[in-house]
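If you're wondering where the values come from, they're calculated on a predicted model, not measured in any experiment.
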Amino acid sequence: MSNHHTYKKLEVVGSSPESIDAAIENAVGECSKSIRNVEWFEVQEIRGHVVDGKVGHYQVVMKVGFRIEGS
């Protein structure tokens, strides 16, 4: 076991018609399917799509951090 860790961050955009929280959950869930050792996220930007004067979709630009295996 190493006494240090090295990490990498990826930028992703999560989306949801329901909420900002759901957009974050969707992004983290999808990343976790193909990336091992996901450990944190940082929200960079929040935006949305408006349809007929109402929020149609929430979009969250975020960085997802994961630990490089073996570090």
Original post:
Would you say S71's side chain and T6's backbone share a donor-acceptor pair under 3.5 angstrom?
Top reply: yes
**OP:** Give the C-alpha distance, both sets of side-chain angles, the deciding distance and a yes or no for side chain to side chain contact (heavy atoms under 4.5 Å, CB included) between V61 and E11.
**Re:** CA-CA 7 Å; V61 178; E11 185 174 85; 3.9 Å; yes
Original post:
Are E39 and R67 close enough for a salt bridge, meaning some N to O gap below 4.0 Å?
Top reply: yes
Original post:
Does some side-chain heavy atom of M62 sit less than 4.5 Å from a side-chain heavy atom of I24?
Top reply: yes
Original post:
Are the aromatic rings of W40 and F66 close, with centres under 6.0 Å apart?
Top reply: no
Original post:
Are the side chains of K63 and L10 in touch, meaning some heavy atoms are under 4.5 Å apart?
Top reply: no
Original post:
Does the side chain of I35 come within less than 4.5 Å of V64's, by heavy atoms?
Top reply: no
Original post:
Which pairs with one or both residues in residues 49-60 pass side-chain hydrogen bond (donor to acceptor under 3.5 Å, both in side chains), sequence neighbours excluded?
Top reply: R47-Q59
Subject >> I46 and I20: CA distance, side-chain angles, deciding distance, side chain to side chain contact (heavy atoms under 4.5 Å, CB included) verdict >> reply: CA-CA 8 Å; I46 298 170; I20 292 167; 3.8 Å; yes
Subject >> Transitive ILVMFWY side-chain link V43 to Y7, under 4.5 Å >> reply: no
Original post:
Any link between F41 and V38 through a network of hydrophobic side chains (Ile, Leu, Val, Met, Phe, Trp, Tyr) touching at under 4.5 Å?
Top reply: yes
**OP:** Would you list the pairs meeting side-chain hydrogen bond (donor to acceptor under 3.5 Å, both in side chains) in which at least one residue belongs to residues 15-24, sequence neighbours left out?
**Re:** none
